[in-house]
Protein chains: 2
Amino acid sequence: MMSANSRLTIAAHILAWMELDRRGGREVVTSEQIAGSVNTNPVVIRRCLGDLRKAGFVEARRGAGAGWSLVRDPESISLFDVHQAVEQGPLFGMHHTPPNEGCPVGYGIQPALRRVYGGLEEAVRQQLAQTSVADVLRDVLAQQR
Amino acid sequence: MMSANSRLTIAAHILAWMELDRRGGREVVTSEQIAGSVNTNPVVIRRCLGDLRKAGFVEARRGAGAGWSLVRDPESISLFDVHQAVEQGPLFGMHHTPPNEGCPVGYGIQPALRRVYGGLEEAVRQQLAQTSVADVLRDVLAQQR
DNA sequence: GATCGTTATAACATGTACTGTTACATCCGG
DNA sequence: CCGGATGTAACAGTACATGTTATAACGATC
């Protein structure tokens, strides 16, 4: 069933939310406030924000009245960038245990599939690169009742 | 880490192996023989073959001297077909618990992302459709030392 | 410099999925 | 009827995602 994780979804949610808040005048927000919109535990949000900080999209201030703020224009952050920041690992897995190298298929199957999977991941990257966080927020706001 | 499963890999391995064996004159093979090349348990192979049978790519004979055989030309089976047969579920997951619908972002984020993810999965499907099992086998054989 | 609210992170619990394995019922050619 | 294989259920082990609690570190404000 693939059981895909929700990291890209959560990260996109966070960044869109932060930008909307920024437009409303709130430059600095806490993980607890974000958690209120995502509907999860603040620690989950901080874990994700930590990845986004390492990628240079947000920064954290500590101490009293601390919180997080966007440091890059959401127009310049593509979902490809976000994906790279919060998720790694291949779309499709290889054999758990190496195949039988004495068999022609067992010997050649992994290089052959690696080529296919590489092209696949490139296609995904290109698609992700076409949408920015700002695009997502535009679409989010267009959904309002 | 995404920890992608290996179902597409195993299915492609099985089909390529069956076609190679067919070319060598063996039309019917057992799950145990296939397991020897994939290097896993025959039950794992049978589970996968069951999916491939439901999709109409292979058939099973039972009783003594039983086994599996290809029923469709590998040239006509694309990795998209194989993927559909053995794997379902989205590439990227949505929120585990629904977001806060009282928040504009919480309300609109899922429809917005569904659109993005839909395009993404379509791109993957198109890429997978460009490679057939026969192509994979060609590439596998080209790897030989 | 002490306080307080927040980040940062470790540790643990829980749920779920994938893989591998054993066991056994079912089938059918010989 | 036998024997060898499929078809499936049940279970163990591993891995990972998510959620939760606890605690250390930090720094603005008083």
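The sequence lines fix the lettering, A, B, ..., with proteins before strands; numbering per chain opens at 1. If you're wondering where the values come from, they're calculated on a predicted model, not measured in any experiment.
Rounding to the nearest 0.5 Å gives a distance of 8.5 Å between OG1 of A:Thr9 and CZ of B:Phe92.
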Tabulate protein N/O versus nucleotide N/O from nucleotides 6-10 of chain C, keeping only pairs under 3.5 Å, one per line.
unit_1: C:dT7; atom_1: OP1; unit_2: A:Ser31; atom_2: N; d: 3.0
unit_1: C:dT7; atom_1: OP1; unit_2: A:Trp68; atom_2: NE1; d: 3.1
unit_1: C:dT7; atom_1: OP2; unit_2: A:Ser31; atom_2: OG; d: 3.0
unit_1: C:dT7; atom_1: O2; unit_2: A:Arg62; atom_2: NH2; d: 2.9
unit_1: C:dA8; atom_1: OP1; unit_2: A:Arg53; atom_2: NH1; d: 2.9
unit_1: C:dA8; atom_1: N7; unit_2: A:Arg46; atom_2: NE; d: 3.1
unit_1: C:dA8; atom_1: N6; unit_2: A:Arg46; atom_2: NH2; d: 3.3

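Between C:dT19 and A:Thr97, no contact under 4.0 Å exists linking OP1 or OP2 to a side-chain N or O. Between B:Thr40 and C:dT19, a side-chain N or O to OP1/OP2 separation shorter than 4.0 Å is absent.
Going from atom CG of A:Asp51 over to atom C1' of D:dT18 covers 14 Å, rounded to whole Å. Atoms CD (B:Glu59) and P (D:dA5) sit 18 Å apart, rounded to a whole Å. A:Met94 has its CE atom 17 Å from the C1' atom of C:dC18, to the nearest Å. Counting to the nearest Å, the P atom of D:dA5 and the CZ atom of B:Arg26 are 12 Å from each other. Nucleotide D:dC16 holds its C1' atom 11 Å from the NE2 atom of A:His96, rounded to whole Å. Between the CG atom of B:Leu8 and the C1' atom of C:dT19 there is a distance of 17 Å, rounded to whole Å. Spacing between atom CG of B:Asn5 and atom P of D:dC16 amounts to 13 Å, rounded to whole angstrom units. A straight line from CG of B:Asn41 to P of C:dG20 spans 8 Å, rounded to a whole angstrom.
Not counting sequence neighbours, the partners of B:Gln126 by the side chain to side chain contact (heavy atoms under 4.5 Å, CB included) test are B:Glu122. Contacts of A:Ser6 classified as side chain to side chain donor-acceptor pair (under 3.5 Å), with partners at least two apart in sequence or in another chain: none. Take B:Arg22 and apply the side chain to side chain donor-acceptor pair (under 3.5 Å) test, not counting sequence neighbours, and it matches B:Glu19.
Sorted by first then second residue, the side-chain hydrogen bond (donor to acceptor under 3.5 Å, both in side chains) pairs that include residues 99-110 of chain A, not counting sequence neighbours, are A:His95-A:Gln110. For residues 31-47 of chain A, there are no salt bridge (Lys or Arg N to Asp or Glu O under 4.0 Å) pairs, not counting sequence neighbours.
Not one N or O on the side chain of A:Thr40 forms a donor-acceptor pair closer than 3.5 Å with the backbone of B:Thr97.
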When the side chains of residues 61-73 of chain A are checked against the rest of the protein, which donor-acceptor pairs come out under 3.5 Å, sequence neighbours left out?
unit_1: A:Arg72; atom_1: NE; unit_2: A:Ser76; atom_2: OG; d: 3.4
unit_1: A:Arg72; atom_1: NH2; unit_2: A:Ser76; atom_2: O; d: 2.8
unit_1: A:Asp73; atom_1: OD1; unit_2: A:Glu75; atom_2: N; d: 3.0

Could you give the side-chain donor-acceptor pairs of residues 128-136 of chain B under 3.5 Å, partners two or more places apart or in another chain?
unit_1: B:Ser132; atom_1: OG; unit_2: B:Ala134; atom_2: N; d: 3.3
unit_1: B:Ser132; atom_1: OG; unit_2: B:Asp135; atom_2: N; d: 3.0
unit_1: B:Ser132; atom_1: OG; unit_2: B:Asp135; atom_2: OD2; d: 3.2
unit_1: B:Asp135; atom_1: OD1; unit_2: B:Arg138; atom_2: NH2; d: 2.7
unit_1: B:Asp135; atom_1: OD2; unit_2: B:Ser132; atom_2: N; d: 2.9

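Listed nucleotides C:dT21, C:dT19, D:dT18 differ in distance to B:Arg7; the shortest reach to its side chain belongs to C:dT19.
When the local axes at the two ends of the helix from C:dG1-D:dC30 to C:dG30-D:dC1 are compared, using 5 base pairs at each end, they differ in direction by 10° after rounding to 10°.
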